[in-house]
**Q** 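Okay, here's the structure, questions in a sec.
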Amino acid sequence: MKIAVFPGDGIGGEVVDEALRVLERVGGKYGLKIETEKALVGGGAYDEYGVPLPEKSLSLAKQADAVLLGAVGGPKWEPLDYEFRPERALLGLRSELDLFANLRPAKIYPALADSSSLKREVVEGIDIMVVRELVGGIYFGRPKGVEKLADGTERGVNTLVYTTPEIERIARIAFEIAMKRGKRVCSVDKANVLECTELWRRVVTKSHAGYPEVELSHMYVDNCAMQLVRYPGQFDVIVTTNMFGDILSDISAMLTGSIGMLPSASLGATSGMYEPVHGSAPDIAGQDKANPIATILSVAMMLHYTLDAAEAARDIEQAVQKVLDAGYRTPDIAADGVKPVGTKQMGQLIVDAIET
Ligand code: IPM
Ligand code: MG
């Protein structure tokens with residue numbers, strides 16, 4: 001198996017290094033033949049090649065069985081035109097590899113229930129999977145752009161668009177995943193206002209016919225945001241559009257205490273990209289402060305979904321749990337009475353917790 005590794009910007013390199021050490025450990029344990037190759041994407045790629053997603057990196061991603069990505073972006077590149085921004089590398093990889101299904105699990109570790117900004121009894125036991133459509137909707141719809149008008153003012157446009165097949169394929173993924181979990185899917189839309197999501201609701205409802213064991217409900221996005229902080233325990237799988245998924249997955253992540261804990265998988269028909277949900281955190285980059293767990297758990301998702309090595313994935317998840325139970329914490333999940341550690345030590349503790 002070949003893995004394209006894109007550390008990216010900010011803390012990306014630090015967290016990816018730890019994740020690769022964990023991968024090496026389980027790879028050795030289970031005799032997995034894994035080859036990795038690193039390349040630049042994001043701001044670093046722009047500095048070197050003048051574009052955030054160089055052709056070389058894109059073709060590496062296309063050849064590879066999976067992509068592991070750290071994070072991209074930083075204040076240095078914010079003044080650039082949209083097409084040169086680091087974030088374009090992410091969007092480019094998603095659409096070029098047709099990674100239409102973005103899986104963002106938000107699961108609370110009992111040891112961290114007190115790190116959440118919500119009360120322990122509200123967040124205890126939550127285990128939510130946000131299934132976000134990733135290559136369509138308002139992120140990619142046309143027309144888009146900002147134009148100057150004759151009167152000197154400007155007009156900005158983005159277009160929310162979904163076709164039946166695009167909705168069907170993401171709905172199917174959500175139902176398939178629900179079958180392996182709690183068998184409940186909540187489809188989130190704004191069908192009371194947006195015609196496009198009225199279609200979304202109809203197509204999801206129709207696709208549900210193939211999954212009689214799964215219970216399907218529908219919720220408007222504003223209500224869903226409210227329900228997520230009111231009673232998150234009611235959710236199993238949430239399936240939604242690109243932009244609603246962007247927003248709701250950040251809320252779900254924060255319920256678990258820290259966005260530094262949350263992994264993600266972006267799946268297409270033939271490839272997968274794995275990355276932490278968090279960003280490049282330029283304010284703490286290079287200081288050994290970042291939490292590597294989200295990236296380490298992304299490697300576990302990669303083992304599960306692309307490398308077909310469920311046991312190795314479970315090993316990683318259990319090692320993370322063990323280290324947290326033992327009281328070790330990076331600054332983002334610090335609390336009274338814990339053992340503070342940096343990025344590297346956290347990575348090492350997790351490697352050591354994987355029995356050989
Ligand atoms: C995410 C991020 C990206 C998105 C940005 C960085 C383009 O917020 O992966 O959730 O909006 O999809
Ligand atoms: Mg986001």
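Quick note: numbers below take in every heavy atom, side chains included, and nothing from hydrogens, waters or symmetry partners. For ligands, and for the atoms within them, numbers begin at 1 and follow the listed sequence.
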**Q** Just checking, any donor-acceptor pair under 3.5 angstrom between side chains of D325 and Y109?
**A**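 Absent: no donor and acceptor within the cut-off.
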**Q** Do the side chains of D47 and K76 get close enough for a salt bridge, i.e. N-O under 4.0 angstrom?
**A**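 Yes.
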**Q** Do D246 and Y139 have a side chain donor and acceptor closer than 3.5 Å?
**A** yes
**Q** Looking at Y82, does the NZ or CZ of R85 lie under 6.0 angstrom from its six-membered ring centre and within 45 degrees of the ring axis?
**A**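 The answer is yes; both the distance and angle limits are met.
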**Q** Do NZ/NE/NH1/NH2 and the carboxylate oxygens of D222 and K190 come within less than 4.0 Å?
**A**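 Result for this pair is yes, salt bridge flagged.
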**Q** How close does the nearest protein non-hydrogen atom get to atom 4 (C) of ligand 1, and which residue and atom is it?
**A** Y139 OH, 3.5 Å
**Q** Just need the protein heavy atom nearest to atom 8 (O) of ligand 1, so name the residue and atom and give the distance.
**A**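 Checked against all protein heavy atoms, atom 8 (O) of ligand 1 sits closest to D246 OD1, 3.2 Å.
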**Q** Below the 2.8 Å mark, what number of protein N, O or S atoms do you get around the Mg ion (ligand 2)?
**A**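 With waters ignored, the protein N/O/S count below 2.8 Å is 1.
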**Q** For R104, is the nearest heavy atom under 4.0 Å from an atom of ligand 1?
**A** yes
**Q** With the threshold set at 4.0 Å, does a side-chain nitrogen-carboxylate oxygen contact exist between R120 and D114?
**A**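 Yes, R120 and D114 are salt-bridged.
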**Q** Quick one: which of L267, L103, T306 gives a side chain to side chain contact (heavy atoms under 4.5 Å, CB included) with M301?
**A**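 Only one of L267, L103, T306 forms a side chain to side chain contact (heavy atoms under 4.5 Å, CB included) with M301, namely L103.
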**Q** Provide, to 0.1 Å, the distance between atom 6 (C) of ligand 1 and the closest protein heavy atom, together with that atom's residue and name.
**A** E87 CG, 3.7 Å
**Q** So is R94 close enough to ligand 1, meaning a heavy atom under 4.0 angstrom away?
**A**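 A heavy atom of R94 does come that close to ligand 1.
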**Q** Do Y274 and L69 come within less than 4.5 Å of each other through their side chains, counting heavy atoms only?
**A**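 Contact flag for Y274/L69 side chains = no.
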**Q** Please could you name the atoms of ligand 1 that R132 approaches to less than 4.0 Å, counting only its heavy atoms?
**A**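 Every atom of ligand 1 under 4.0 Å from some heavy atom of R132: 1 (C), 4 (C), 9 (O), 10 (O), 11 (O), 12 (O).
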**Q** Charged N to carboxylate O under 4.0 angstrom, D189 versus R202?
**A** no
